[in-house]
Amino acid sequence: MKITGAEIILECLKREGVKHIFGYPGGVVLNIFDMLYDDKDIKLILTRHEQGAVHAADGYARASGKPGVVLVTSGPGATNTVTGIATASMDSVPLVVMSGQVPTLLIGNDAFQEADIVGITRPCTKYNFLVKDVKDLARIMREAFHIATTGRPGPVLIDLPKDVTSGKTEFHWPQKVDIRSYKPTLEGNKWMIAKAAQLITKSTRPVIIAGGGVIISGASKELKEVAQFTNIPVAMTLMGLGAFPGTHKLSLGMPGMHGTYYANKAIQESDLVIAIGMRFDDRVTGKTDAFAPHAKIIHIDIDPTSIRKNVRVDVPVVGDVKRVLTALLKVLKEENKEQWSAVRKKWLKQIDAWKRERPLSYTKSDEVIKPQFVVEKIYELTKGDAIITTEVGQNQMWAAQFYKYDKPRRLLTSGGLGTMGFGFPAAIGAQLAFPDKLVIDIAGDGSIQMNIQELATAVINKLPVKVAILNNRYLGMVRQWQELFFNERYSHSFLHDMFPDFVKVAEAYGAVGLRATKPSEVEPVLKEAFKIKKTVFMDFVVDWKEKVYPMVPAGAPIDQMLFEEPEKKQEKKLRAVK
Amino acid sequence: MRHTISLLVENRFGVLSRVAGLFSGRGYNIESISVGETIDPQISQMTIVTSGDDWVIEQITKQLNKLIDVIKVTDMVELDHVEREMILIKVAPKPEKKVEVLNLTEIFRGRIVDSSEKTYTIEITGDEDKIKAFINLMKPMGIKELVRTGKVAIAREGTKK
């Protein structure tokens, strides 16, 4: 029996186990939307902007590990997804984005709502397809999910001309996918793993840097085993937070530009860096020539291009983190019988000293709300068990510093692209994946306004997402750079005093709006918000002068850090850095 | 250092753009590129000449391998291989130089493929040095136009370095 392209798409989605799609209709995708109208198995979440749809699908994917699915129309519908796709691409998030396209005969004619979205998204997707014949549709749908979810995951776009979704053909769903030119390496090279084990055995000052790859690979258990067995401290990149328990005594927190003193110190003084599922982003390494100067580097990653892209590597291991760590642990257990704890004693003692010397801190206040205090309170009240999303800027860094993530997939943040406006729609997606969990977007007053229209999506779909706006009236991170590096010339970073009124905005959308202006109001506001089974905006009017510390100026080695201290001293240090 | 990279890719629309986009997006340079179908019509062969230090070339070959449509990447530097390029060159020599042009063409085993009252169009095939030498010899003769195919390369059988 012949069925239409639109029917094939729905059937394929069901066979892939898709329950939710995020999307927005338009002219050329109406064939598919018509099928969704009375479908019982797949629910489409209508967002208020296509960018919101992609971020929501992204948050859904990051929280659940399942691919996020998006459906939008051609032209502006498709181009609006680009930021979302690039965000997912940088952070290796599996997405399948379906965009409508004008009929095949009109392609290239500058037809109404035509955009070459395959061309536009080529550099920010893992792969993309233009379906030219309905006969190829089922195979392409299958391949798209396969490519998005295997190897180093990423977004895949499928462009669907209108005549393809209305055209008819026999439905044939390939059981197996076999792409001859796409075979990710999963097993690590045995010889390299043995070499890595040797280095670990010999090292006296090793440090692990765990990245998002550990979480994607589902290797938290294996990482913990390796770290505990060998007694090696673990730093986690922004994407890696939660890969290893943040409250564990071996945890160093986050390294890099706004990392902890002790993580950066440990890396700079180490004789062996074991990088696992991370890619040496410039925010982690600082000046690459001066990064971990005394260390040999073992780099485990599924993506061969990540290895030796930014830093020299002594032992590269290409493979899936979980499998490599399992193999590595086996070798370590076989080869080395000595007591790791005794070997590490001196090194761990040194690290403890650094931890005591410069813990993460801020100056507390009784008069004005410190943004870090809000994050600490959220941590305290949720007992570290909420799903936290963030926007980008100071809010993101404080959420990374002052909330301890003990489990993977609890911090959803745009690490690579740094997309403002990500956190709120991502929280909506995460809430949909975990309806009973507390999902909190830690936001800034700038970022929240970049996808604030999704309030409608949250309220209408009864998603009780909480948004904690750290409202400092500025684009805080921009302001911080201007204060430190641009002679306090605050060019266009001031957003206006208390504008808009976020409480009223929330209320206008049918959500609940709460405000705290004094430190004593923070806890009651949070408690009330967590009690209400509705979407809540919390407007925390915080100290606008607060800066994120420690800070490594861009391009400096990561142990040249600035700390919160009297103004004059700071200036001197800055000059030295320049 | 200059490298000749040979690629086997799926013969599909958009593949050239993916390969070219990889180079432009990451700031690598393509000195020449030639593309054609292989004996299997589903597979195309690309020959790219590029340059860079070992780090850059390692990244280029890895990034190319990562592209989903790329089946095989070979850096010809690692193999004993034969390289050829063809050029068509139109020269307009002064009457007293015409014989010299013909002689040089003969010496370089080229062919005159077209001639007019004032011009000769010469076809020359060879490796980089030969082509370069011929072009240099023709410069004083008055080159009107020059087109080149870009390099193609093939490994010698059974002679891995």
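Just so it is clear: chains get the letters A, B, ... in the order the sequence lines come, proteins before strands, and each one is counted from 1.
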- Can you list every pair that meets ring pair (Phe, Tyr, Trp, His ring centres under 6.0 Å) and has a residue in residues 30-50 of chain B, with sequence neighbours left out?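 Ring pair (Phe, Tyr, Trp, His ring centres under 6.0 Å) check on residues 30-50 of chain B returns no pairs.
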- Query: When heavy-atom pairs shorter than 4.5 Å are enumerated against chain A, which of B:L22, B:I43, B:L8 gives the highest number?
  - Reply: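 Answer, by heavy-atom pair count under 4.5 Å with chain A: B:I43.
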- Query: Do B:S34 and B:T149 come within less than 4.5 Å of each other through their side chains, counting heavy atoms only?
  - Reply: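 The answer is no; the side chains never approach within 4.5 Å.
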- Query: Does B:K130 use its side chain to pair, donor to acceptor, with the backbone of B:T125 at less than 3.5 Å?
  - Reply: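 Yes; at least one donor-acceptor contact below 3.5 Å.
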- Could B:R2 and B:E128 be called an ion pair, given the rule that one side-chain N must be under 4.0 Å from one carboxylate O?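 Salt bridge flag = yes for B:E128 with B:R2.
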- Item | Short N-O contact, B:R148 and B:E85, less than 4.0 angstrom |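 Yes.
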- Apply side-chain contact (heavy atoms from CB on, under 4.5 Å) to the pair B:L7 and B:V73, showing each step before the final yes or no. CA-CA 5 Å; B:L7 300 180; B:V73 181; 3.7 Å; yes
- Item | Contacts of residues 94-115 of chain B with chain A (heavy atom under 4.5 Å) |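 Answer by number: none.
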- Query: Of the backbone (N, CA, C, O) and the side chain (C-beta and beyond), which part of A:L130 lies under 4.5 Å from a heavy atom of chain B, both, or neither?
  - Reply: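 Contact with chain B involves both backbone and side-chain atoms of A:L130.
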- Task: Starting from the C-alpha separation in whole Å, work towards a yes-or-no answer on side-chain contact (heavy atoms from CB on, under 4.5 Å) for B:I135 and B:I143.
- Result: CA-CA 9 Å; B:I135 292 171; B:I143 298 173; 4.1 Å; yes
- Message: Let's go through A:V156 and A:F145 carefully: what are the C-alpha distance in whole Å and the side-chain angles of both, what is the deciding distance for side-chain contact (heavy atoms from CB on, under 4.5 Å) to 0.1 Å, and is it a yes or a no?
- Response: CA-CA 8 Å; A:V156 174; A:F145 276 90; over 6 Å; no
- Message: Going by side chain to side chain contact (heavy atoms under 4.5 Å, CB included), name the residues that satisfy it together with B:A153, two or more places apart in sequence or in a different chain.
- Response: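 Residues passing side chain to side chain contact (heavy atoms under 4.5 Å, CB included) with B:A153: B:T4, B:T47, B:M76, B:H81, B:E83.
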Present all donor-acceptor pairs from chain B to chain A with distances below 3.5 Å, rounded to 0.1 Å.
| from | atom 1 | to | atom 2 | distance (Å) |
| --- | --- | --- | --- | --- |
| B:E10 | OE1 | A:R180 | NH2 | 2.9 |
| B:E10 | OE2 | A:R180 | NE | 2.7 |
| B:E10 | OE2 | A:R180 | NH2 | 3.4 |
| B:R12 | NH1 | A:Y127 | OH | 3.2 |
| B:S17 | OG | A:R122 | NH1 | 2.3 |
| B:R18 | NH1 | A:N128 | OD1 | 3.2 |
| B:R18 | NH2 | A:N128 | O | 3.0 |
| B:R18 | NH2 | A:N128 | OD1 | 2.8 |
| B:E58 | OE1 | A:R308 | NE | 3.1 |
| B:E58 | OE2 | A:R308 | NE | 2.9 |
| B:E58 | OE2 | A:R308 | NH2 | 3.4 |
| B:Q59 | NE2 | A:T305 | O | 2.9 |
| B:K62 | NZ | A:P304 | O | 2.9 |
| B:K62 | NZ | A:I307 | O | 2.6 |
| B:K66 | NZ | A:D303 | OD2 | 2.7 |
| B:K66 | NZ | A:T305 | OG1 | 3.4 |
| B:I68 | O | A:S181 | OG | 2.4 |
| B:D69 | OD1 | A:Y127 | OH | 2.7 |
| B:D69 | OD2 | A:Y127 | OH | 3.0 |

- Would A:M278 and A:V284 satisfy side-chain contact (heavy atoms from CB on, under 4.5 Å), going step by step from the backbone distance to the final call? CA-CA 10 Å; A:M278 56 83 75; A:V284 170; 3.9 Å; yes
